[in-house]
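Throughout, protein chains are lettered first and strands after them, A, B, ... in sequence-line order, and every chain is numbered starting at 1. Just so it is clear, the structure is predicted and the values come from calculations on it, not from any experiment.
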Amino acid sequence: MFAGLLFEPTRLPGEAEALRAEVRDFVARELPPDYWPNSDFNEGHSPEFSRRVGELGWIGMTWPKRFGGGERTFFERYVVTEELLAAGAPVSAHWIADRQSGPLLLNYGTDDQCRRYLPQIARGECFFSIGMSEPNSGSDLASVRTRADRVSGGWIVNGTKIWTTDAHRNHYIITLVRTEPPSENRHAGLSQLLIDLRGEGVTVRPIKNLAGGEDFNEVVFEDCFVGDDDVVGEPGNGWTQVTSELGYERSGPERFLSAFRVLVEFVRAVGDEPAPGEAALIGRLASHLMTLRRMSISVAGMLQKGSSPVVESALVKSLGNDFEKLLGELVRLQAPTGQVGLEKCLRQTLLHSPSFTLRGGTREILRGVIARGLGLR
Amino acid sequence: MDRLIAYTAERIFSDHVDRGVLDAAERGEFPHALWDVVREAGLHLVGSPGSGTDDGDLYELLKLAGRHAVPLPLAEVLIANSFLDEAGLTTIAVDGVAPWGREADRVVTVEGEMSVDFDAAEDANLAGESRDRVQLRDVRRVDVPGELYERMALSRAALMAGALDRVLGMAIDYATEREQFGRPIAKFQAVQHNLAILAGEVAAARCACDGAIMSLTSADFAVTVAAAKARVGEAAGVAAEIAHQVHGAMGFTHEHSLHHFSRRLWAWRDEYGRETHWQELLGRRVASGGADSLWEFLVGVG
């Protein structure tokens, strides 16, 4: 009956809401009083903080207990992630492993791989990076040229990955490689390998971003040996796996909260009795934020039911990223001068804003995914 | 919503709301045949006490009505019947304006005045929907539910959510059928991206609207309506613009039916408070707790 995508109205259950207070107490306890919150999940790499999060059972929350998980719901995980993000906590170290590498291993990995990696991840002691983009393969992911050649007992990997967040300080990288030469079906012959970032034949070179940060890297593989027991899923099934991994990557609240601190500081700057135009701006942004939360919670509900909301995730990320950019721009135009906190936030957000609509799939790619979902391609 | 009601409503609206009925209504002719069928099916009582349906069903029905541009004062009738036990057609007036006032047996104002004795001067909104100017005589007070204005605002959000979905469907169909440069225009990336933006706005509008419907009995109802009316109104503007762009000059004609929906979107986003009204109200509530309570407030209202 409806032409568009269905986001079933979904309410967070009580046991999920109950976690909020715990997370807030933890963050208040854990972070120093002079802590300046990160606006972005990509900033703030703190193995110490991640270990403490892991101790509380807030990494791998939905995974089976036998792999160190908590067997909790996606709704509970949603609450923990959004509370950590809203507080601007330094979550970058464990974020990717918790969000997508772990679930990928759970879905496609062997029992042995799950036992080897998931408990460490859940303890907040083992961090993962994403090995997708290459210097000549960005949005056109199927064109990756990093190759793995069959040798006795495993594979020899050669090639270069790029824009690899935290590769210089994480432990492993799940790498999309070509295990068969390109054929007519460009999605065939791809595989995912789990590679030790400190291992032999791996060189990591940091790349400075325009904000001065060194979060992302170039990762070069030169005759790097990967054993058969570190192949994730079936060789040749890489495209299917990477697509499902991207569903996890795109659906979370980090896709609309990157500029959230700007709104907080704007409210601080204008005070509790804002002028009409200021109030309307706050209200406009709040109406978007409330709606994006509903959509993201609805996606959490789909994950909870075991479905794979690839198109819905792309849609939430696309709307969320546009909102993150709009937020900074609109607040900038009404920002009172001389507000140090707000000014700092605005700069930080503006300098990072180009990445919002690039990472995890560009706006253009996401719109293509949505168009396919609408039956247009 | 009850499946049988949804099915019945969908069938009645599909069978009885066509170009002829819509154009006649714009000329000022009340759709009596449609109104009779609606009443025979009991749809005018959805959400009223003793009907076995609730407010949630009422707003779901309004979404369907919006999908079909039903030219009846259905929002007014349903909401009036949810708190008044009176026969006939009751319309609701705000600022002296009441949909189909000329046909109504009774007018209730959002402030809680009621009259069966009134003058109605014909007038219309920009979609050509009856918005008569009424002057009430012999007024008496009635008990109206708290937040009646918000309930009416949500009716417009629900109608818009329905119309938005229709507009998306029309745009997808048109883009798939219309060929230029030897292929359907849906195959062009620029058109696909516009349709993707349109789909995003439609989905966001529906979620914002559903959020307020979920909060009907909650203390945060007014806040969720503010968010819904503001967000859906914003979506309506973007969606109508894109849908027309996709339809090209054909959509600008009176002959094509897109305008029955796009003009309603433009009209409904202004009725019962345009976006800025609700943004300002919501913004004041958000700011009143201060910066450090902002997040708590947002997640508290859900």
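- Proximity to chain B is limited to the backbone of A:Thr10, based on heavy atoms less than 4.5 angstrom apart.
- When the candidates B:Asn194, B:Leu164, B:Ile197 are compared by the number of heavy-atom contacts under 4.5 Å with chain A, B:Ile197 comes out ahead.
- The two atoms that bring A:Ala280 and B:Thr276 nearest to each other are CB-O, 4.5 Å, heavy atoms only.
- For the pair A:Ser287 and B:Ala227, the tightest heavy-atom approach, listed with the atom from each and the gap, is CB-O, 3.6 Å.
- Within 6.0 Å of the CG atom in A:Asp25, the count of heavy atoms belonging to other residues, nucleotides or ligands exceeds 12.
- Side-chain atoms of A:Arg293 do not come within 3.5 Å of backbone N or O of B:Gly302 as any donor-acceptor pair.
- The two residues B:Ala287 and A:Gly271 have their closest heavy-atom pair at CB-O, 4.0 Å.
- No more than 12 heavy-atom neighbours from other residues, nucleotides or ligands sit within 6.0 angstrom of CZ on B:Arg274.
- The distance from the CG atom of A:Leu263 to the CG atom of B:Leu298 is 7.0 Å, given to the nearest 0.5 Å.
- With a 4.5 Å cut-off on non-hydrogen atoms, A:Glu278 does not touch chain B at all.
- In the displayed structure, A:Tyr35 atom OH is contacted under 6.0 Å by more than 12 heavy atoms of other residues, nucleotides or ligands.
- Residue with the most contacts toward chain B among A:Glu273, A:Glu82, A:Glu265, A:Glu8: A:Glu82 (heavy-atom pairs, distance under 4.5 Å).
- There is no contact between B:Val191 and chain A, counting heavy-atom distances below 4.5 Å.
- The two residues B:Gly290 and A:Val267 make their nearest non-hydrogen contact at C-CG1, 4.0 Å.
- The candidate from B:Thr224, B:Thr176, B:Asp292 with the greatest count of non-hydrogen atom pairs under 4.5 Å with chain A is B:Asp292.
- The candidate from A:Pro276, A:Pro274, A:Ala286 with the greatest count of non-hydrogen atom pairs under 4.5 Å with chain B is A:Pro276.
- Residue B:Asp210 holds its CG atom at 8.5 Å from CZ of A:Arg294, rounded to the nearest 0.5 Å.
- Residue contact with chain B, scored on non-hydrogen atoms closer than 4.5 Å, involves the backbone and the side chain of A:Glu364 alike.
- Atom CG of A:Leu376 is separated from atom CD of B:Gln189 by 12.0 Å, given to the nearest 0.5 angstrom.
- Counted within 6.0 Å of CZ on A:Arg347, heavy atoms from surrounding residues, nucleotides or ligands total 12 or fewer; the atom is thus considered open.
- Counting heavy atoms of neighbouring residues, nucleotides and ligands inside a 6.0 Å radius, atom CD of B:Gln245 does not exceed 12 of them.
- Only the side chain of A:Arg20 comes within contact range of chain B, with heavy atoms under 4.5 Å apart.
- Ranking B:Lys187, B:Glu234, B:Arg285 against chain A, the residue ahead of the rest is B:Glu234, based on heavy-atom pairs under 4.5 Å.
- Considering CG of B:Asp165 and CG of A:Leu5, their distance stands at 10.0 Å, rounded to 0.5 Å.
- A distance of 6.0 Å separates CD in B:Glu201 from CG in A:Leu319, rounded to the nearest 0.5 Å.
- When heavy atoms are compared at a cutoff of 4.5 Å, A:Arg24 approaches chain B solely by way of its side chain, counted from C-beta outward.
- Considering all non-hydrogen atoms of both residues, B:Gln192 and A:Ala371 come closest at CB-CB, 3.8 Å.
- Of the residues considered (B:Leu195, B:Leu282, B:Val286, B:Val299), B:Val299 shows the highest number of contacts with chain A, using heavy-atom pairs under 4.5 Å.
- What you find for B:Ala204 and A:Met295 is that their closest heavy atoms are N-CE, 3.6 Å.
- No more than 12 heavy atoms of other residues, nucleotides or ligands lie within 6.0 Å of CZ in B:Arg3, so this atom counts as exposed by the packing criterion.
- Contacts of A:Phe260 with chain B are made by side-chain atoms alone, with heavy-atom separations under 4.5 Å and no backbone atom involved.
- Annotation: the span from A:Glu83 atom CD to B:Glu296 atom CD amounts to 8.5 Å, rounded to 0.5 Å.
- Comparing A:Glu312, A:Arg268, A:His288 by how many heavy-atom pairs each has under 4.5 Å with chain B, the most go to A:His288.
- The side-chain heavy atoms of A:Leu257 and B:Trp295, taken from C-beta on, include a pair separated by under 4.5 Å.
- Looking only at distances, a side-chain donor or acceptor of A:Arg11 sits under 3.5 Å from a matching main-chain atom of B:Met214.
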